[in-house]
J.: 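The structure that follows is given in the form of structure tokens.
First the proteins, then the strands, lettered A, B, ... as listed; each starts at 1.
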Amino acid sequence: MPRMPKRVKFRKEFRRARDRKATKGNFVAYGDYGLQSLEQVWLTARQIEAGRIAAQHFLRRDGKIYIRVFPDKPVSKKPLETRMGKGKAEVDYWAARVKPGTMLYEISGVTEDRARRAMVRVAMKMPVRCRFVGRRVAI
Amino acid sequence: MATETHVLRSTKRDRLGTRYARRVREAGGLPGVVYGHGQAPVHVAIEAKDALLHINAGEKVFSLKMDSDADETVLLKDVQFDYLGTNIIHVDLARVDLNEMVEVQAHVRLVGESDAMKEAGAILLHPTNSIEIRCRVTDIPEHIELDISELEIGHSLHASDLKLPSGFELASDPDDVLANIVIKQEVEEPAEGAEVVGEGEGPEVITEKKDESDSEGEKKE
């Protein structure tokens, strides 16, 4: 089932600016390997779930998957063949704001080769270009 | 730790800010700041090629040659990465004496193999891969090893379990979990803050409740 917030302050929100790069959540923090977005996108809750299932099916009982993005942005859409106006439409889906550099998923407890294969499958479900990255060594 | 300190050539930066820092990088420099020992901070442009080679090799102590000034021994305090976390875009350097005690981040390397990992569904997690230690500048280690061969399922190894060499002190929280082994459950619960909701159902709107109470109050009046 797609994820969404339990509680929100407002039912709908503005679209807001998209031309930013990730300044936080842009490195592997919990797992050993991660999948990093190279482009900006509103990642829908269904896409996030599809990626999780793809990784889970490949890894079966091995490893632990961390989902680093949460769909907390309501996106509204007017019904088909509706005239403009009459106020903002109802919420159609929930999305996570993904900026270039945002870490989408992380995996721990598996070998690099296995993690890479799992992430390739996840990347196929993503609407953006992604890359596989490892955890940074402390400098 | 390497016995010799590498020399980094640098020049002072007069013009500061994003735009000028970007120009420094385009000209083959690495923007940085040198501070400490009660002296005023100095903004520098270090030769990037040499600096990045040594920093990526894990070196932390350098001899900084600045214009015509005498060499200064500096410790790599902090590093800033670009938005993809690949390229180093700025460094913080602290003035140090070679016999001074300093606090540095040390990488924790897990060694050994635990028998618990042979269990079906066992996963080794290491939430933190670095700890903060206090030691002399000349003794800064490349990494600290943590033996996990005795680790059992459901147990954790904490920062306090590290066997540090003499002269080393632990500066980070002793309760920091460095490694633990867990058995993966068949069905994963959704992440915190998430709720599985059927289609058509939406989240609770906090402000709507307030509106209702306000309207009730108005009616009473």
Side-chain angles (χ1 to χ4, degrees), chain A residues 1-12 20-32 34 36-38 45 48-49 52 56 59-72 74 90-91 93-94 99-103 107-110 131 133-139, chain B residues 55-60 76-86 88 91 104-109 117 120-132 142-144 181-188 190-199 201-210:
Chain A
M1 276 287 188
R3 292 144 34 110
M4 67 174 80
K6 274 183 185 174
R7 257 170 272 112
V8 290
K9 197 164 183 182
F10 302 107
R11 194 177 295 278
K12 300 164 191 175
R20 299 284 186 274
K21 288 169 183 171
T23 55
K24 54 185 177 181
N26 57 353
F27 57 91
V28 180
Y30 302 102
D32 299 325
Q36 190 179 36
S37 168
L38 299 175
I48 296 170
E49 184 65 6
R52 186 193 67 80
Q56 201 83 66
L59 293 172
R60 296 187 183 276
R61 285 201 67 186
D62 300 340
K64 185 173 168 63
I65 301 162
Y66 301 85
I67 304 174
R68 292 290 307 277
V69 286
F70 186 80
D72 61 347
E90 287 307 309
V91 174
Y93 60 91
W94 290 81
K99 299 171 183 178
T102 302
M103 201 60 64
I107 291 181
S108 67
V110 290
R131 70 170 189 172
V133 287
R135 193 162 178 169
R136 190 186 293 163
V137 174
I139 290 181
Chain B
I55 292 170
N56 289 327
E59 288 181 35
K60 288 196 170 115
L76 185 68
K77 265 290 197 191
D78 195 18
V79 173
Q80 281 179 32
F81 289 89
D82 64 350
Y83 70 101
L84 289 174
T86 332
I88 295 172
V91 288
V104 288
Q105 287 281 331
H107 182 67
V108 178
R109 185 179 286 178
M117 288 302 292
I123 308 166
L124 173 68
L125 303 175
H126 53 118
T128 314
N129 70 344
S130 67
I131 52 154
E132 205 161 318
E142 283 179 14
H143 62 264
I144 292 174
I181 296 177
V182 293
I183 295 286
K184 192 182 175 187
Q185 301 297 317
E186 195 70 53
V187 181
E188 274 198 334
E192 217 171 285
E195 192 185 33
V196 178
V197 193
E199 279 183 28
E201 289 178 38
E204 176 195 344
V205 183
I206 303 166
T207 46
E208 269 191 2
K209 275 188 174 177
K210 282 180 185 174

J.: So which residue, B/A122, B/G121, B/P127, B/S130, ends up with the most heavy-atom pairs under 4.5 Å with chain A?
T.: B/P127
J.: Does any backbone or side-chain atom of B/D78 lie under 4.5 Å from a heavy atom of chain A? Answer side chain, backbone, both or neither.
T.: neither
J.: Is there a side-chain contact between B/V91 and B/V79, using heavy atoms and a 4.5 Å cut-off?
T.: yes
J.: Select one option (side chain, backbone, both, neither) describing which atoms of B/L76 are under 4.5 Å from chain A's heavy atoms.
T.: side chain
J.: Of the backbone (N, CA, C, O) and the side chain (C-beta and beyond), which part of B/H143 lies under 4.5 Å from a heavy atom of chain A, both, or neither?
T.: neither
J.: Give, as side chain, backbone, both or neither, the part of A/R131 having an atom under 4.5 angstrom from any heavy atom of chain B.
T.: side chain
J.: Identify which part of A/T102 has an atom lying under 4.5 Å from any heavy atom of chain B, answering side chain, backbone, both or neither.
T.: neither
J.: Can you name the residues that form a side chain to side chain donor-acceptor pair (under 3.5 Å) with A/D62, not counting sequence neighbours?
T.: A/R114
J.: Does atom NZ of A/K21 have more than 12 heavy-atom neighbours from other groups under 6.0 Å away?
T.: no
J.: Tell me, side chain or backbone of A/T23 under 4.5 Å from chain B's heavy atoms, or both, or neither?
T.: neither
J.: I'd like to check the ring pair (Phe, Tyr, Trp, His ring centres under 6.0 Å) partners of A/Y30; sequence neighbours left out, ordered by chain and number.
T.: A/Y66
J.: Do B/N56 and B/I88 have side-chain heavy atoms sitting under 4.5 Å apart?
T.: yes
J.: Let me know if A/D72 has heavy atoms under 4.5 Å from chain B in its side chain, its backbone, both or neither.
T.: neither
J.: Out of curiosity, A/I65 CD1 to A/L59 CG, how far, rounded to the nearest 0.5 Å?
T.: 5.0 Å
J.: Could you tell me which non-hydrogen atom of A/R3 sits nearest to which non-hydrogen atom of A/A45, and how far apart they are?
T.: O-CB, 3.3 Å
J.: Is it the backbone or the side chain of A/F27 that comes under 4.5 Å from a heavy atom of chain B, or both, or neither?
T.: neither
J.: If you tally heavy-atom pairs under 4.5 Å against chain B, which of A/D32, A/V133, A/L38 wins?
T.: A/D32
